[in-house]
Amino acid sequence: MTMKDWQSELESLSAVEAARRLLGCELERELDGHKVRVRIVETEAYDQTDAASHSFNGQTPRTDVMFGHAGHLYVYFTYGMHYCCNVVVGEPGYGAAALLRAVEPIENEAIMQRRRQKSGTELSNGPAKLCQALDIDKRMNGHDLSQSPLQLIMRPTLAQADIVVTQRIGISREKERLWRFYIRGNSYVSKK
DNA sequence: TGCCTGATGTTCT
DNA sequence: GAACATCAGGCAC
């Protein structure tokens, strides 16, 4: 397995640095013979020092991927009906990842609409929504994001002034950490 | 606008 | 047996 430059970069970053770095970057998903393209507009950081993280209790069959190579996808199932996905970051053996909380359609939005039966910001303004829109489920767990049918495309790092920092959403522990990041003014950012 | 709840599977205690 | 990195729909205000 050859490692792309950007995967080496993600390996060198902390969860917080990576969560910021991924804002403005893009995902290209092949769906129904079309290329669906989206921009990442909201992320959260999780790592093994953090009681809210799945990696906090060590490596298990479920969290295996989080302790693996940077630039792969960690997908988990939650609340009995939803999937959420993260980009694994940091050194192998250290459990860290950035949760993708919201994306903005760039190309072939119609494919996402068909999958979601919704339109506008409701397409992908939440972690489980974007997984449904892009057909990401447990089969994609561990997927190498340098490969088809789901690729990460890096973009220039955003200016500090364009990034809003807040507490994370939907967790009960370690709420005080300011580990949620989103692009200022973007309408696809999730509520609350 | 905002609270409440149902849906529903996997992991952990 | 409880908690959960969630969402959508219903109903009160």
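Residue numbering restarts at 1 for every chain, and letters A, B, ... go by the order of the sequence lines. Every heavy atom of this structure was used, including side-chain atoms; hydrogens, water molecules and symmetry mates were not.
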>> For a quick test of reading the model, state the closest non-hydrogen atom pair linking I153(A) to C25(A) and the distance between them.
In response: O-CB, 3.5 Å
>> If you take any heavy atom closer than 4.0 Å to DNA chain C, which residues from residues 13-28 of chain A end up in contact?
In response: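 None - not one residue of the stretch has a heavy atom sitting under 4.0 Å from the strand.
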> What pairs of residues pass the salt bridge (charged side-chain N to carboxylate O under 4.0 Å, His left out) test when at least one of them lies in residues 6-17 of chain A, not counting sequence neighbours?
Replying inline: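 Output for this query lists E9(A)-R21(A).
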>> With a strict under 4.0 Å distance from non-hydrogen atoms of chain A, what nucleotide opens and what nucleotide closes the contacted stretch of DNA chain C, reading 5' to 3'?
In response: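 Answer, 5' to 3': dC4(C) to dG9(C).
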> Residues two or more places apart in sequence or in another chain: which of them pass side-chain contact (heavy atoms from CB on, under 4.5 Å) with T60(A)?
Replying inline: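 So T60(A) forms a side-chain contact (heavy atoms from CB on, under 4.5 Å) with R62(A), T63(A).
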>> Using salt bridge (Lys or Arg N to Asp or Glu O under 4.0 Å), reason through E107(A) and K35(A) one step at a time and then give a plain yes or no.
In response: CA-CA 7 Å; E107(A) 197 180 317; K35(A) 283 187 178 171; over 6 Å; no
>> Students often get this wrong, so: under 4.0 angstrom with heavy atoms, is I171(A) touching a base, only sugar-phosphate, or nothing?
In response: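 I171(A): backbone/sugar contact only, no base atoms under 4.0 Å.
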>> For DNA chain B, which residues of residues 48-57 of chain A approach it to below 4.0 angstrom with any heavy atom?
In response: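 The stretch gives none, as no residue of it lies under 4.0 Å from the strand.
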> Shortest non-hydrogen contact from D50(A) to F56(A)?
Replying inline: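 Heavy atoms only, the tightest pair is O-CB, 3.3 Å.
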>> Quick one, V41(A) with V103(A), criterion side chain to side chain contact (heavy atoms under 4.5 Å, CB included). Give me CA distance, side-chain angles, the key distance, then yes/no.
In response: CA-CA 5 Å; V41(A) 301; V103(A) 300; 5.6 Å; no
> Base, sugar-phosphate, or nothing: which does K175(A) touch, judged by heavy atoms less than 4.0 Å apart?
Replying inline: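 No contact.
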>> Give me the stems containing DNA chain C, sorted by first residue, counting only three or more consecutive Watson-Crick or G-U pairs with both distances under 3.5 Å; say none if there aren't any.
In response: B:1-7 with C:6-12, B:9-12 with C:1-4
> What distance do R184(A) atom CZ and D162(A) atom CG have between them, rounded to the nearest 0.5 Å?
Replying inline: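 Between atom CZ of R184(A) and atom CG of D162(A) there are 7.5 Å.
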>> According to side chain to side chain donor-acceptor pair (under 3.5 Å), who are the partners of R114(A), at least two apart in sequence or on a separate chain?
In response: none
>> Please tell me whether Q113(A) and S119(A) have a donor and an acceptor in their side chains that are separated by less than 3.5 angstrom.
In response: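 Result is no, nothing qualifies.
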> Heavy-atom contacts under 4.0 Å between residues 78-89 of chain A and DNA chain B, which residues?
Replying inline: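 Y79(A), G80(A), M81(A) - these, ordered by number, are the residues of the stretch whose heavy atoms sit under 4.0 Å from the strand.
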>> For DNA chain B, which residues of residues 119-136 of chain A approach it to below 4.0 angstrom with any heavy atom?
In response: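 Of all residues in residues 119-136 of chain A, none places a heavy atom under 4.0 Å from DNA chain B.
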> Residues two or more places apart in sequence or in another chain: which of them pass side-chain contact (heavy atoms from CB on, under 4.5 Å) with H143(A)?
Replying inline: L73(A), M140(A), L145(A), Q147(A), P149(A), L150(A)
> Do N141(A) side-chain atoms and V75(A) backbone N/O form a donor-acceptor pair below 3.5 Å?
Replying inline: yes
>> Connecting only ILVMFWY residues whose side-chain heavy atoms lie within less than 4.5 Å of each other, what is the rest of M66(A)'s hydrophobic cluster?
In response: Y46(A), V65(A), F67(A), Y74(A), Y76(A), V88(A), L99(A), I171(A)
> Are Q48(A) and S53(A) close enough that a side-chain donor and a side-chain acceptor fall under 3.5 Å?
Replying inline: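 No - no donor-acceptor pair under 3.5 Å links their side chains.
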> Quick one: do R168(A) and E44(A) make a salt bridge, cutoff under 4.0 Å?
Replying inline: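 The answer is no: the pair does not qualify as a salt bridge.
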>> Could you work out, with salt bridge (Lys or Arg N to Asp or Glu O under 4.0 Å) as the rule, every residue matching E122(A), not counting sequence neighbours?
In response: K129(A)
> Judged by atom type as modelled, is there a donor-acceptor pair below 3.5 Å linking the side chain of N125(A) to the main-chain atoms of A102(A)?
Replying inline: no
> Cut-off 3.5 Å, side chains only: do Q132(A) and D137(A) have a donor facing an acceptor?
Replying inline: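 The criterion, which ignores hydrogens and geometry beyond distance, is not satisfied for D137(A) and Q132(A).
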